[in-house]
J.: 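Encoded as structure tokens, here's the structure I'll be asking about.
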Amino acid sequence: MKQKIKNMIYNASKDAYDKGDLPSPDFPEIEVEEPKAESHGDFSTNISMVMAAVQKMPPRKIAEAIIKNIDDPDGIIDRTEIAGPGFINFCLNRYSWHPVLREIHERDTLYGASDIGKGKKVQVEFVSANPTGPLHVGHGRGAAVGDSIANILLFCGYNVEKEYYINDSGRQISTLGRSVFMRYKELFGTDIQFPDDCYQGDYIRDLAIEIKKKKEDKLLFLSEEEAISYCARFAADNILSEIKEDLECFGIVFDRWYSEQGLYDSGKVDRVINDFRKQNIIFEDDGALWFRTKDFGDEKNRVVVRNNGLTTYFASDIAYHQDKFDRGFERIIDIWGADHHGYIPRVSAAIEALGYGRDKFDVILIQLVNLLREGEPVAMSTRAGEFVTLRDVINEVGSDAARFIFLTRHYESALDFDLELAKKKTNDNPVYYVQYVHARISSIARKAQERGTSDIAWNAAAVSRLTEPEEIQLIKIMSRYPEIVRCSAEYMEPHRITYFLMNLASAFHAYYNKHRVLTDEAELTLGRLYLVLAVKKIIRNGLALLGVSAPEKM
RNA sequence: GCGCCUGUAGCUCAGCUGGAUAGAGCAACGGACUUCUAAUCCGUAGGUCGCAGGUUCGAAUCCUGCCAGGCGUACCA
């Protein structure tokens with residue numbers, strides 16, 4: 001619709017110039033927007049103000065010239081007006097909105113889909129939590145955002161893969177092994193001083209018990225190194241499968257689980273380090289190997305191999321991102337916790353050194369989640385290993401509520417997650433507010449079917465009966481959906497869809513309370529049914545992009 | 001110290017990347033169920049958009065400088 005208006009304005013400007021109403025053929029990018037105030041019509045453009053300098057005419061005069069030359073063969077425009085400093089407002093005929101419904105029904109699950117991605121191969125990497133402990137709420141937010149962004153990009157024509165990077169190598173894994181082994185020894189009566197820098201949670205004890213069941217006392221006869229290594233592998237494998245289960249409960253399926261250890265085993269880390277040494281991008285100093293990140297805009301150089309011979313995470317991250325490009329991804333999106341933001345210049349530097357443009361790499365930083373109950377913070381201490389896990393949250397409030405709430409904020413804003421509020425089935429809790437629309441319409445559809453009106457094909461006469469302001473309002477809102485999805489993809493902001501759905505839901509509930517869908521008049525009923533079933537489709541589509549279900553009954 | 005994020009109604013947050021009189025929900029107050037699901041709706045009230053400058057026809061939005069909070073600033077992850 002907006003595009004139609006744009007074209008009209010463009011053609012009108014051109015005609016105005018041809019006829020001499022406008023002195024210059026130099027037209028700016030035309031912007032058409034939907035005004036906030038209803039009195040300003042359905043669409044408005046600021047073109048006359050933008051043009052004023054070039055045309056050397058007052059904006060209102062330009063507006064007159066354009067309006068005079070508007071060609072509207074289908075008569076979709078009801079009236080135009082010049083307002084304020086020179087806005088041109090367009091007010092559309094009610095019936096010009098009706099065809100939107102047909103489009104929604106015909107495109108169905110693909111309404112709002114586009115090909116702006118042009119099949120570009122893009123990878124979204126998210127969660128990627130170390131397999132050293134259970135997922136917590138913060139990971140949940142990253143999971144919800146990452147999964148939704150991937151869904152949206154897919155819907156917009158990108159060729160998307162979702163990936164989880166497993167940090168299954170390095171120091172924190174050996175710390176994990178050490179932690180478990182100490183608890184294991186404890187089970188055999190050894191008196192231990194459990195160090196602060198080890199993992200504290202009860203799950204460490206549980207893993208030790210598991211090992212004891214399986215291996216009895218055999219580990220006590222191995223060398224400490226062997227025993228720790230066994231515990232590390234056992235623990236990491238177990239925790240990782242727990243993580244996989246948690247994410248499955250959360251409705252998230254990764255295309256690939258990528259092992260960091262695999263990068264070492266295949267020699268990719270060594271290879272890239274050697275290549276960079278040859279290019280003098282990596283150099284030796286003080287017994288350590290340094291990456292010249294400073295040459296690529298970072299504030300200082302960074303160590304890749306420490307003087308004790310151990311690699312840092314940065315080393316494998318270089319190889320990892322190289323591998324991403326080697327696998328043919330044209331665009332890489334990493335989703336990290338905001339506390340890692342200092343890491344961005346480093347990885348960007350690596351990507352540039354690898355010969356790829358920075359514009360191919362995006363990092364989305366997810367701000368932290370404050371877990372509350374009845375408005376009071378829930379005590380959490382990672383150090384002491386006491387925290388509410390993602391699984392606890394899903395079990396308590398459900399996957400739908402959790403995912404929706406994670407997507408009710410821009411990811412750059414910290415999020416308060418109130419467990420009690422997430423369970424409430426009232427207006428406080430937007431999940432049910434939106435889902436309820438779907439359930440209500442489903443119920444209407446069932447009733448309609450009982451009455452024998454299940455025909456929902458396009459019926460011009462029936463649809464032309466939709467003349468109530470609330471009906472036109474609903475269609476207008478729905479007509480914006482494709483653009484909302486596009487913007488969501490472009491800026492990678494799923495919350496735009498969340499807000500759109502809440503807005504649509506609100507308009508629907510208002511309509512529902514004011515008008516009956518199933519009336520005594522067959523034609524009107526058909527038209528209204530056609531309308532609400534379109535609403536149902538959009539709610540379903542939008543929720544799907546968020547990873548939230550659309551129930552038939554509630 | 002430096003870098004990033006945040007600051008909008010009593011509370012929690014949107015604000016279409018510069019548009020017209022800044023919007024929702026909650027909380028407060030007053031109303032609506034013999035009617036398709038009241039997990040709903042309607043109405044009232046609520047503002048120095050952190051502060052100060054600047055850019056222009058026009059700023060919550062862009063620039064600069066402050067103030068406050070969070071995070072980061074390792075041969076940790």
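Side chains are part of it too, since the values below use all heavy atoms of this structure and drop only hydrogens, waters and symmetry mates. Each chain gets a letter, A, B and so on, in the order the sequences are listed, and its residues count up from 1.
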J.: Looking at A:Phe417 and A:Ala422, what are the two nearest heavy atoms and their distance?
T.: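 Closest pair (atom of A:Phe417, atom of A:Ala422, distance): CE2-CB, 4.0 Å.
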J.: May I ask you to say what A:Arg409 touches in the nucleic acid, namely base, sugar-phosphate or nothing, with a heavy-atom cut-off under 4.0 Å?
T.: sugar-phosphate
J.: Scan A:Ser44 against the nucleic acid and name what it touches under 4.0 Å (heavy atoms): base, sugar-phosphate only, or nothing.
T.: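 Since a base atom lies under 4.0 Å of A:Ser44, the category is base.
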J.: Which part of the nucleic acid does A:Ser443 contact within heavy-atom distance under 4.0 Å: base, sugar-phosphate only, or nothing?
T.: base
J.: Base, sugar-phosphate, or nothing for A:Ala414, non-hydrogen atoms under 4.0 angstrom?
T.: sugar-phosphate
J.: Taking OP1 and OP2 of B:rA39, is either one under 4.0 Å from a side-chain nitrogen or oxygen of A:Tyr432?
T.: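 For A:Tyr432, the contact criterion (side-chain N or O under 4.0 Å from OP1 or OP2 of B:rA39) is not met.
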J.: Quick one: label A:His495 by what it contacts on the DNA or RNA (base, sugar-phosphate, nothing), any heavy atom closer than 4.0 Å.
T.: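 Contact class for A:His495: sugar-phosphate only.
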J.: Using a 4.0 Å heavy-atom cut-off, does A:Asp339 contact any base of the nucleic acid, only the sugar-phosphate backbone, or nothing at all?
T.: sugar-phosphate
J.: At under 4.0 Å between heavy atoms, what does A:His515 touch on the DNA or RNA strands: base, sugar-phosphate, or nothing?
T.: base
J.: Please determine whether any donor N or O and acceptor N or O are separated by less than 3.5 Å between the side chain of A:His341 and the base of B:rG3.
T.: yes
J.: Looking at A:Leu415 and A:Arg409, what are the two nearest heavy atoms and their distance?
T.: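 Looks like CD1-CG, 3.3 Å.
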J.: Report the base-pairing partner of B:rU40 (Watson-Crick or G-U wobble, both distances below 3.5 angstrom), or none.
T.: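 WC or wobble partner is B:rA32.
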J.: Using purine N1 to pyrimidine N3 plus N6-O4 or O6-N4 for Watson-Crick, or N1-O2 and O6-N3 for G-U wobble, both under 3.5 Å, which nucleotide pairs with B:rC66?
T.: B:rG50
J.: Phosphate oxygens OP1/OP2 of B:rC36: is one of them under 4.0 Å from a side-chain N or O of A:Arg528?
T.: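 The answer is no; no side-chain N or O of A:Arg528 sits under 4.0 Å from OP1 or OP2.
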J.: By centroid distance (under 5.5 Å) and plane angle (under 30°), are A:His410 and B:rA14 in a stacked arrangement?
T.: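 A stacking contact does not exist, since A:His410 is not both close and nearly parallel to the base ring of B:rA14.
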J.: Answer with base, sugar-phosphate or nothing: what part of the nucleic acid does A:His509 contact at a heavy-atom distance below 4.0 Å?
T.: sugar-phosphate
J.: Would one find a side-chain N or O of A:Lys300 under 4.0 angstrom from OP1 or OP2 of B:rC75?
T.: yes
J.: Regarding A:Ala510, tell me which of base, sugar-phosphate or nothing describes its non-hydrogen contacts under 4.0 Å with the strands shown.
T.: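 The answer is sugar-phosphate, as A:Ala510 gets under 4.0 Å only of primed atoms, P, OP1 or OP2.
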J.: Counting any heavy atom closer than 4.0 Å, what does A:Asp416 reach on the DNA or RNA strands: base, sugar-phosphate only, or nothing?
T.: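 Contact class for A:Asp416: sugar-phosphate only.
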J.: Does A:Lys447 make a side-chain N or O approach to OP1 or OP2 of B:rU37 shorter than 4.0 Å?
T.: yes
J.: With the side chain of A:Arg171 defined as its heavy atoms from C-beta on, choose the nearest nucleotide among B:rG19, B:rC76, B:rA39.
T.: B:rC76
J.: May I ask you to say whether A:Glu299 pairs ionically with A:Lys294, meaning some side-chain N is under 4.0 Å from a carboxylate O?
T.: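 Result for this pair is no, no salt bridge flagged.
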J.: Is the shortest heavy-atom distance from the side chain of A:Val137 to the side chain of A:Phe406 under 4.5 Å?
T.: yes
J.: For B:rC13 and A:Tyr499 - does any side-chain N or O of the residue sit under 4.0 Å from the phosphate oxygens OP1/OP2?
T.: no
J.: Quick check on B:rA14: is either OP1 or OP2 less than 4.0 Å from any side-chain nitrogen or oxygen of A:Ser413?
T.: yes
J.: Should A:Tyr433 be counted as stacked on B:rA39, where stacking needs a ring-centre gap under 5.5 Å and an angle between planes under 30 degrees?
T.: no
J.: Which is it for A:Tyr320 and A:Tyr258 under the ring pair (Phe, Tyr, Trp, His ring centres under 6.0 Å) test, yes or no, and what are the steps along the way?
T.: CA-CA 9 Å; A:Tyr320 181 40; A:Tyr258 196 97; 5.1 Å; yes
J.: Name the nucleic acid region contacted by A:Glu299, choosing base, sugar-phosphate or nothing; use a 4.0 angstrom heavy-atom cut-off, strictly under.
T.: sugar-phosphate
J.: For the rings on A:His495 and A:Tyr411, is their centre-to-centre separation under 6.0 Å?
T.: no
J.: Classify A:Asn301 by what it touches in the nucleic acid, base, sugar-phosphate, or nothing, heavy-atom distance under 4.0 Å.
T.: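 Result for A:Asn301 = nothing.
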J.: Quick one: is A:Arg306 getting a side-chain N or O under 4.0 Å of the B:rA74 phosphate, OP1 or OP2?
T.: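 No, A:Arg306 has no side-chain N/O under 4.0 Å of OP1/OP2 on B:rA74.
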J.: Looking at every strand, decide which applies to A:Arg480 at a 4.0 Å heavy-atom threshold: base, sugar-phosphate, or nothing.
T.: nothing
J.: Which listed nucleotide (B:rU37, B:rG70, B:rC41) is nearest to the side chain of A:Leu368?
T.: B:rG70
